[in-house]
Amino acid sequence: MNAKLIVPLITFLLSLPATACECLWEGSFADIAPKVDYIVHGRIVQIKGNSVDLEVQRELKGTGHFDTVRIWLKTQDLCRAELDRFALEEQWVFALDRINEVPDDGFNPMTPNISYGRVGDFSLGGCGGYFLPSDGRWISGPIINATKWDFEPDTTPVLLELIESYVQGQASRSDLQEATQMDPALRELMINTRLHVKP
């Protein structure tokens, strides 16, 4: 084989998605939140290789005082979220683990944008409610008691403030459960009434 073709071929093969990870469902967001290092609400401002950069809008757990965080997703057999779930300008709540060390095979100079990640960055799990979509105010997804592998359950979105209160120990699981089961029309009526009633 022509030597000029070997390096591009190797690079291409290394960049291909590898085997799917094998993991158990780790639970909804309510189960995962106490176990992770950092929970943040923000907007995706860049996608590069198997990473996304998230513009931090609100830190819910952990205080990094970051403007932007780099989050590494699935590559090879790592049990992380799939890149194709996310798009530029989308808003999310992410439950993240800090990368404290990189394994020996975690970085390949031939594919620097596709790797395990860098020390100090974060990784996003894919086997549970690690990521919740947001419109800036309301949060949906597998917040609590979601069926295994159902990332888009048919539940009522809840306010970001309630998610934050739960993470900080000021709201209970039953508060989350009740909010996700509330009739959306009733919820809107309650909010609108509150906004128009003067103290």
Side-chain angles (χ1 to χ4, degrees), residues 17-61 69-75 77-97 122-167 171-191:
T19 58
C21 88
E22 295 182 13
C23 64
L24 298 175
W25 176 254
E26 296 177 49
S28 301
F29 175 82
D31 305 306
I32 286 165
K35 305 173 188 176
V36 297
D37 300 316
Y38 187 60
I39 300 177
V40 62
H41 173 256
R43 179 176 63 94
I44 294 175
V45 293
Q46 179 173 264
I47 297 175
K48 192 172 185 180
N50 67 312
S51 71
V52 299
D53 287 350
L54 190 77
E55 178 185 78
V56 174
Q57 296 176 340
R58 197 165 186 163
E59 294 178 317
L60 309 183
K61 178 181 180 181
V69 291
R70 176 151 295 173
I71 301 163
W72 295 86
L73 307 176
K74 182 172 175 56
T75 184
D77 61 350
L78 294 175
C79 291
R80 294 180 181 170
E82 299 276 358
L83 182 64
D84 61 7
R85 289 191 176 276
F86 310 106
L88 284 172
E89 300 302 321
E90 288 181 342
Q91 294 186 57
W92 293 85
V93 169
F94 285 154
L96 304 168
D97 287 310
F122 295 89
S123 65
L124 180 64
C127 304
Y130 287 90
F131 41 94
L132 305 175
S134 168
D135 68 357
R137 185 180 184 200
W138 297 98
I139 311 299
S140 56
I143 295 170
I144 188 167
N145 298 341
T147 305
K148 292 179 180 179
W149 305 109
D150 184 2
F151 292 102
E152 298 178 9
D154 185 19
T155 57
T156 302
V158 303
L159 284 168
L160 174 60
E161 287 78 8
L162 178 58
I163 296 290
E164 183 175 32
S165 294
Y166 174 77
V167 169
S172 66
R173 288 183 66 96
S174 59
D175 293 329
L176 281 183
Q177 182 69 32
E178 182 180 352
T180 60
Q181 294 177 343
M182 183 180 291
D183 180 275
L186 176 59
R187 181 196 68 192
E188 289 298 329
L189 177 63
M190 290 172 63
I191 290 170

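Everything quoted here is computed from the prediction, not taken from an experiment.
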Is there a side-chain contact between [X] and [Y] (heavy atoms, below 4.5 Å)?
X: Glu90; Y: Arg43; answer: no
X: Leu83; Y: Lys74; answer: no
X: Asp97; Y: Tyr38; answer: no
X: Trp72; Y: Leu124; answer: no
X: Leu73; Y: Glu82; answer: no
X: Val36; Y: Leu96; answer: no
X: Ile39; Y: Phe29; answer: yes

Check: Can you check whether Asp31's main-chain N or O pairs, donor with acceptor, with Ser28's side chain at less than 3.5 Å?
Finding: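 Checking the backbone N and O of Asp31 against the side chain of Ser28, no donor-acceptor pair under 3.5 Å is found.
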Notebook entry, point to check: Counting distance only, does the side-chain N/O of Lys61 pair as donor-acceptor with the main-chain N or O of Val40 below 3.5 Å?
Noted result: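 The answer is no, because no donor-acceptor pair under 3.5 Å joins these two groups.
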Item checked: Full working for side-chain contact (heavy atoms from CB on, under 4.5 Å) between Leu88 and Val45 -> CA-CA 6 Å; Leu88 284 172; Val45 293; 5.6 Å; no
Minimum-distance pair of heavy atoms, taken over all atoms of [X] and [Y]:
X: Asp150; Y: Ala146; answer: O-CB, 4.2 Å
X: Leu176; Y: Ala30; answer: CD1-CB, 4.0 Å
X: Thr180; Y: Thr155; answer: O-CB, 3.6 Å
X: Gln91; Y: Gly136; answer: OE1-CA, 3.2 Å
X: Ala33; Y: Val167; answer: CB-CG2, 4.4 Å

Note to self: I'd like to know whether Val158 forms a side-chain contact (heavy atoms from CB on, under 4.5 Å) with Ile143, so could you lay out the CA-CA distance, the side-chain angles of the two residues, the decisive distance to 0.1 Å, and finally the verdict.
What the structure shows: CA-CA 9 Å; Val158 303; Ile143 295 170; 3.7 Å; yes
Check: Should the ring pair Phe131 and Phe86 be called parallel, tilted or perpendicular, given that the plane angle runs from 0 to 90° and is split at 30 and 60?
Finding: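 Ring orientation of Phe131 relative to Phe86: perpendicular.
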Notebook entry, point to check: Yes or no on side-chain contact (heavy atoms from CB on, under 4.5 Å) for Asn145 and Gln177, after CA distance, side-chain angles and deciding distance?
Noted result: CA-CA 8 Å; Asn145 298 341; Gln177 182 69 32; 2.6 Å; yes
Notebook entry, point to check: Only one of Asp135, Leu132, Val93 clears side chain to side chain contact (heavy atoms under 4.5 Å, CB included) with Leu160; which?
Noted result: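 Filter result, single survivor: Val93.
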Check: Would one find more than 12 heavy atoms of other residues, nucleotides or ligands at under 6.0 Å from atom CG of Asp84?
Finding: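 For Asp84, atom CG is crowded (more than 12 foreign heavy atoms under 6.0 Å).
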Check: Does Gln46 CD have over 12 foreign heavy atoms under 6.0 Å away?
Finding: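 Counting other residues, nucleotides and ligands, CD of Gln46 exceeds 12 neighbours.
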Notebook entry, point to check: Is it true that Glu164 and Arg58 have a side-chain N and a carboxylate O under 4.0 angstrom from each other?
Noted result: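 Salt bridge between Glu164 and Arg58, a charged N being under 4.0 Å from a carboxylate O: yes.
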Notebook entry, point to check: Any ion pair linking Glu178 and Arg173 (charged N to carboxylate O, less than 4.0 Å)?
Noted result: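 Judged by the 4.0 Å cut-off on N to carboxylate O distance, Arg173 and Glu178 do not form a salt bridge.
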Check: Are we looking at SG atoms under 2.5 Å apart for Cys23 and Cys127?
Finding: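 Correct, these two cysteines form a disulfide.
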Note to self: Does Arg70 qualify as a cation-pi partner of Phe122, given the criterion of NZ or CZ under 6.0 Å from the six-membered ring centre and within 45 degrees of its axis?
What the structure shows: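 No, Arg70 does not lie over the aromatic ring of Phe122.
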Report the distance from atom [atom1] of [X] to atom [atom2] of [Y], rounding to the nearest 0.5 Å.
X: Ile71; Y: Leu54; atom1: CD1; atom2: CG; answer: 4.5 Å
X: Glu26; Y: Ile32; atom1: CD; atom2: CD1; answer: 5.5 Å
X: Ser134; Y: Phe94; atom1: OG; atom2: CZ; answer: 10.5 Å

Next item on the list: Kindly say whether the aromatic ring centers of Trp25 and Phe151 come within a distance under 6.0 Å.
Entry: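 That pair passes the under 6.0 Å test.
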